[in-house]
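Side chains included, hydrogens not; waters and symmetry mates left out as well; all remaining heavy atoms used. The residues of the chain are indexed from 1 along the displayed sequence. All values derive from a computational prediction rather than experimental measurement.
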Amino acid sequence: MIKQIGQIGVRVKDVKRATAFYRETLGLQQLFETENMSFFECEGVRLMLTLPENDAFDHPGSVLYFNVPDIEEAYQQFEDKGVSFLDQPHVVAKMEQTETWMTFFRDTEGNTLALMSEVTVS
């Protein structure tokens, strides 16, 4: 019955700092924020940055993979904005004429994020 992801929640320690990173550095469109949460639009998926409600939610989250059309260009643009990457863009999978490229980085809250790009090769 599940059709699509409606929202992804990311645990943060400082909502203001995290909001600035996702809005200004990554360029995501901010929808709204409350005292403990901030919401962004990401091509039909809502991203929620939130302080943990209790200790059960206070742990690192899943890796978010952001699709980009040109991973090398996106890598350079984000590096120019001060994003510290954990690696260089690299191929992680090859299927027929398609290569999947990724590179990983951390947000201001220590969450691991990734850029990914599907590249057609001849």
Could you report the tightest heavy-atom contact between [X] and [Y], atom names first, then the distance?
X	Y	result
Asn67	Met116	OD1-CG, 3.2 Å
Ser84	Phe105	O-CB, 3.6 Å
Val12	Leu51	O-CD2, 3.5 Å
Pro69	Ser117	O-OG, 3.3 Å
Thr98	Val121	N-CG2, 4.5 Å

Could you tell me whether the side chain of [Y] reaches within less than 4.5 Å of the side chain of [X], counting heavy atoms only?
X	Y	value
Val45	Ile8	yes
Val83	Phe21	yes
Tyr75	Val68	no
Leu49	Val15	no
Met95	Thr100	yes
Phe78	Thr103	no
Leu26	Leu113	yes
Trp101	Glu72	yes

Please confirm whether the backbone N or O of [Y] pairs with a side-chain atom of [X], one donor and one acceptor, at under 3.5 Å?
X	Y	value
Thr112	Val63	no
Glu41	Gly44	yes
Asn111	Arg11	yes

Same cluster (ILVMFWY, side-chain, under 4.5 Å), [X] and [Y]:
X	Y	answer
Val119	Met102	no
Met48	Tyr22	no
Phe104	Phe66	no

* Is it true that the side chains of Glu73 and Gln77 contain a donor and an acceptor less than 3.5 Å apart? ->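 Per modelled atom types, Glu73 and Gln77 side chains form a pair under 3.5 Å.
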* Any side-chain donor-acceptor pair under 3.5 Å between Gln30 and Ser38? -> yes
Return yes when atom [atom1] of [X] has more than 12 non-hydrogen atoms of other residues, nucleotides or ligands closer than 6.0 Å, and no otherwise.
X	atom1	answer
Asp55	CG	no
Lys16	NZ	no
Gln7	CD	yes

* On the 0 to 90° scale, with breaks at 30° and 60°, tag the Phe39-Phe32 ring pair as parallel, tilted or perpendicular. => parallel
* **Atom pair CZ/CD of Arg23 and Gln29 - distance to nearest 0.5 Å** =>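 Answer rounded to 0.5 Å: 12.0 Å.
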* Reported OG1-to-CE distance for the pair Thr19 and Met37, which is rounded to 0.5 angstrom -> 11.5 Å
* Give a yes or no on whether a salt bridge exists between Arg17 and Glu109, defined as a side-chain N under 4.0 angstrom from a carboxylate O. => yes
